[in-house]
Structure formats: structure tokens, C-alpha cells
Amino acid sequence: MLSKKMEKALNEQINAELYSAYIYLSMAAWFESQNLQGFATWMKVQNREETGHAMKLFGFVIERRGRVTLAAIEEPAKEWKSPLAVFEGALEHEEYITGRIGDLVNQAIAEKDHATNAFLQWFVNEQVEEEAAADSIVQKLKMAEKSTGALLMLDHELGKRT
Ligand SMILES: [Fe+2]
Ligand SMILES: [Fe+2]
């Protein structure tokens, strides 16, 4: 069974994942407002993935006979000055989440909670992908700077994400 401290930390991570989902949905809304539907599609898929992360944690807490308790989700940013600024924000956010996952692993190890540690390893690996995906788009947007053609090509490319 989960310790009360671990249960609380996992519930806080559920909230952090739902906040991630909310940020990406806000980013999708901003891209829609800029007529960049491909970027918006990418962000909507990301929103679903983050909700999936929250549900994975939800399921684990229940499986360990813990109690899931939901808290208010912080209001996300709404305005960005460019597509590059959006993805720089996404990368920064993923780095923050990676730090949180690291803290959870440290706590699981400290408590000798092997099941939670094993469960969290999926998130450790997922964060490597998440950071790499955001960073790759940041790099492409830097190359596309000042070229509307390149930006639209990237919009088309990212719109294929399912
Ligand atoms: Fe996540
Ligand atoms: Fe993420």
C-alpha cells in the first residue's frame, strides 16, 4: 500500500499532468487564433497525451489502494509572441516536469517503495521523448525564423500528428 506521503505526491503529479494538458490546450487555442491549424493539431494530440499521463497515475494510485483526490488546475498562459516562444515554453515546461518526476523517484527510493519506483520509470523514459520532441521543434522554428514559407511547411508537417 502507498504511504500517505507518496499518495499525496502522486496526487500532486496527477494535478501537474492535468495542468500540462491544459497548457497544451491553451497553446492549441493560440495556434488556432494564428491560423496555424497544423501546430494546433500537434498541440491537441499533446493535450490528449498529457491527460493520458494523468490517467495512468490515477490508475496506479487506485491499484495501490490509495485515494485519488483532485485539486484546482492553475490557469495556463494564453498569449505568446511567436510560434517559437510557444515551443520554448513547452520545452521549459517539460524540463520542469522531468524535475518533478525525478523528485518522485527519489522519494520512492527513500521509502523503499519498489513498486512506485518501477511504475515511475515509464515516466522517466517518456520525459526523455517529451523533451526531445519539443526541442526538435524549437530548433526547426529557429531555422524557419523570418521565412513564412518554412513556417507553413512546418505547420503542414506537424498537422500530420495523430
Ligand atoms: Fe506528462
Ligand atoms: Fe509532457
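The analysis underlying the following values was restricted to heavy atoms, covering all of them including side chains, and did not include hydrogens, waters or symmetry mates.
Although no hydrogens or angles enter the test, the distance criterion places a donor-acceptor pair under 3.5 Å between the side chain of Asn125 and the main chain of Gln121. Judged by distance alone, with hydrogens and angles left aside, the side-chain atoms of Asn11 form a donor-acceptor pair with the main-chain N or O of Thr69 at under 3.5 Å. The main-chain N or O of Ile23 is never found under 3.5 Å from a side-chain atom of Ser26 such that the two would form a donor-acceptor pair.
One finds no salt bridge joining Lys142 and Glu145 here, because no Lys/Arg side-chain nitrogen approaches an Asp/Glu carboxylate oxygen to under 4.0 Å. A salt bridge links Arg64 with Asp113; the closest basic N to acidic carboxylate O contact falls under 4.0 Å. Taking a cutoff of 4.0 Å between a charged side-chain nitrogen and a carboxylate oxygen, Arg100 and Glu95 do not qualify as a salt bridge. A salt bridge does not link Lys81 to Glu88: none of the charged nitrogens lies less than 4.0 Å from a carboxylate oxygen.
Taking the six-membered ring where the residue is Trp, Phe39 and Phe31 present parallel rings, their angle staying beneath 30° rather than reaching 60°.
Side-chain polar atoms of Ser20 and His53 form no donor-acceptor pair below 3.5 angstrom. Judged purely by distance below 3.5 Å, without hydrogens or angles, the side chains of Gln37 and Asn35 pair a donor atom with an acceptor atom. Under the 3.5 Å distance criterion, with hydrogens and angles disregarded, no donor-acceptor pair is assigned to the side chains of Gln127 and Glu131.
Rounding to the nearest 0.5 Å places CD of Glu17 at 9.5 Å from OG1 of Thr51. From Trp80, atom CH2 reaches atom CZ of Phe87 across 11.0 Å, with rounding to the nearest 0.5 Å.
Lys146 meets the salt bridge (Lys or Arg N to Asp or Glu O under 4.0 Å) test with no other residue; sequence neighbours excluded. In this structure Phe119 satisfies the ring-ring contact (aromatic ring centres under 6.0 Å, His included) test together with Phe60, Phe123, sequence neighbours excluded. For Glu130, the side-chain hydrogen bond (donor to acceptor under 3.5 Å, both in side chains) test picks out Gln46, with sequence neighbours left out.
Geometrically, Lys56 engages Trp122 in a cation-pi contact, judged by NZ or CZ lying under 6.0 Å from the ring centre and within 45° of the ring axis.
Taking 4.5 Å as the limit, every side-chain heavy atom of Gln107 sits out of range of all side-chain heavy atoms of Thr116.
When all heavy atoms of Tyr19 and Glu75 are compared, the closest pair comes out as CE1-O, 4.2 Å.
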